[in-house]
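Report on the following structure.
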Amino acid sequence: MSNPSITGEATEEAIAILPGARARERASRRTGRARRTPAWAAVVLMVAVVYFLLPLYATAVFGFSTGKHFTLQPLWDGLADDGFQTSLQLSLMYSIATTLLALIVVAPTAYLVELRFQRLRSTIEFLTILPFVIPPIILAVGLESTYGINSPVNLIASSWAPVLLMGGYFVLTLPFVFRAVDNALRAVDVRTLTEASASLGAGQMRTFLRVIVPSISLGLVSGALLAFTTAMGEFTLAALLGYPTFPVYLLNINGYQPREGEALVIVSFVITWAGVIALAVVARRAPGTQIVRGGPM
Amino acid sequence: MSRLELVNVTKRFGDQVAVSDFNLTVDDGELVSFLGPSGCGKTTTLRMTAGFEAPDSGSVVVDGVDMTEIPTNKRGMGMVFQGYALFPNMTATENVEFGLAVRKRPLADRRARVAELLELFGLAHVAGSYPHQMSGGQQQRVALARAVAIQPGVLLLDEPLSAVDAKVREELRTEIRRMVTQLGITTILVTHDQSEALSISDRVVVMNRGAIEEVGTPAQVYAEPRSAFTAGFIGAMNEIPVRIVSGAQGLVERRGHRVTAPGAAGLADGELALLLVRPESLEPLSATNGSLNGDLTLTGQVEVQTFLGATTRLLIREFPAGAGEGPALPPTRRIAVDVPSASAGRWPAGSELAVRVPVEASRVIAGRSAAEAARQTPTTPATPTTPPGV
């Protein structure tokens, strides 16, 4: 029985000689343990599931019942409501417009910063995170006093009103869109691709649209997604500036037709998720999204 | 298919002079390499030629037309980048077609030309592949095909082979040479790899610290370097300290022996100088019998043998000068001697060896600048590299 112990000691010594061997051994033991999901992780998961899904379940139960049994009647009533249709249309319009505006402004800006104005990077980054520092309520009050009915530049009562809200939404979406686009740009070698394109005779516009945009399509899609959902769900600005968008309508209808309101909440939730999943699928299938650079640079 | 002239081109980055007063004419269909260590200004010069950087002064002229103010996309020069720079969202075909599409060539023409080029570069089987699905060598071939597709007057290659592995590199090197000859495109190749420059260029421009050290054919810069920098940078070179006895007669002296050596004429009498000689030019002597017919000899002990394939390099530490061997000279660095590998067994490490320095195959240059140049030179006899494949 002495042989195994000798072998064991020898192995211990061998491990001690190899630099880093012990650390590696420890690390492998750790990962081995991590592979089995510990009990507390399951508990945390359960709590999270309950925390997130229970309100949704409660909403669904409330919205799809008369109080006693299951019915889709509140949903049909809600969908038939004029307010629902106009507010949803309004929100969709604002969200699509905001998303397009954000992409059209941010993508070329981020590209030029990466390509030529590296010195401006920190300034631009600071500007884009301002919405995190300035809460929407402040933005709303500021917009109201600058462009509201008591201001000499009264946009709210003019035909420019949609532009005002879009401007506000644009600012709120900046951090998300800039991050997403900028990350994608930094993952490709923008400068060399631009130079390669120029050497083949392409002008700046063609280079941007044909070479850069397809190379960062994944970033653009996720930026668009974040901008769209931010604008779709935005409440503070719309409510305080008096725009009857979908979130504002939902709050109102909850006040006097709660079951209809809850049914519509579930519908909007399902629609949003369907949109997110659809876009994610599209992005994954897009060619050229697996960006592999040629070699060491 | 164009004549390229760089006239007094200068570029500064802040206080740093990247390229100073660069003058060069590249003839129609010629392949010229810019060779030098990193930071010597070769890439900056290429980028100014391409139009990616604007020179502070001087001009870039193609076929007599001043291109200095013309943007890259109007210059009609093809460019191949170090990291290929293929468009990741396009297939090989689409990459090669891009420049033709920009030029609004009819679709049928475009397709025919792309197919022809992919065939020429042996890429037909990856025509529909995206860059990330191709090997490094294939990607670089696509990059070459893409640059050539637009029938550029001037082709610029920026370290095109540095990212591919050694075997592919040699294949591609030959392929580039063949292609340039076949298509007759005026080409500039930027490289820090001397064997690459020497093997495929018509002329080599050796650069150091933003300036041209010298321009010549590969054989010229290898066999008759005009500066210590070139001598040290291209291939391995022994530097043997000597003293000028008579600049008028081209006579140098070392340890009591006097010889007439090329390059010594015109140097000041009494000045320290260096006798440059390639490791393969040194001839081992069978006996350690000192001087032979007035030639210089070196005697020392073999320290290391390095097997290089057909030849083996012996590193020799020279014995110190004896009494009465003339005025003292700076110590000699390790002397590299290349011998046929078949006979290398005669001089194992530790053995004694005398070598003849054939003066007809050597060259004398002024000593002080040599020492200075040697300090910034990555390749010196003390750290021998593989001899260039010429």
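We name chains A, B, ... by the order of the sequence lines, and we start the count at 1 in each one. All figures in this text were calculated on a predicted structure; none of them were measured in a lab.
- Annotation: side chain of A:R210 is not in contact with side chain of B:N89 (no heavy-atom distance under 4.5 Å).
- Heavy atoms of B:I150 lying under 4.5 Å from chain A belong exclusively to its side chain.
- Within residues 97-104 of chain B, the residues having any heavy atom less than 4.5 Å from a heavy atom of chain A are, in residue-number order, B:F98, B:G99, B:A101, B:V102, B:R103, B:K104.
- Summarising the geometry of B:R47 relative to A:R191, their closest heavy-atom pair is NH2-NH1, 4.1 Å, with the distance given to 0.1 Å.
- Smallest separation of non-hydrogen atoms from A:A196 and B:A85: CB-O, 3.8 Å.
- Your options are B:M134, B:M77, B:Q140, B:R146, and the one with the most heavy-atom pairs under 4.5 Å with chain A is B:R146.
- Residues B:F87 and A:S197 meet the side-chain proximity criterion, which asks for heavy atoms closer than 4.5 Å.
- Across all non-hydrogen atoms, the minimal contact from A:G203 to B:N73 is CA-ND2, 3.4 Å.
- A:D189 has its side chain out of reach of B:F81: every pair of non-hydrogen atoms, C-beta onward, lies at least 4.5 Å apart.
- The environment of A:E125 atom CD is dense: over 12 non-hydrogen atoms of other residues, nucleotides or ligands sit within 6.0 angstrom.
- Environment of CD in B:Q16: sparse, with no more than 12 heavy atoms of neighbouring residues, nucleotides or ligands closer than 6.0 Å.
- Among all heavy-atom pairs drawn from B:F52 and A:S199, the shortest one is CZ-CB, 4.4 Å.
- Residue A:R121 qualifies as enclosed at atom CZ: its count of foreign heavy atoms under 6.0 Å is above 12.
- When heavy atoms are compared at a cutoff of 4.5 Å, A:T207 does not approach chain B at all.
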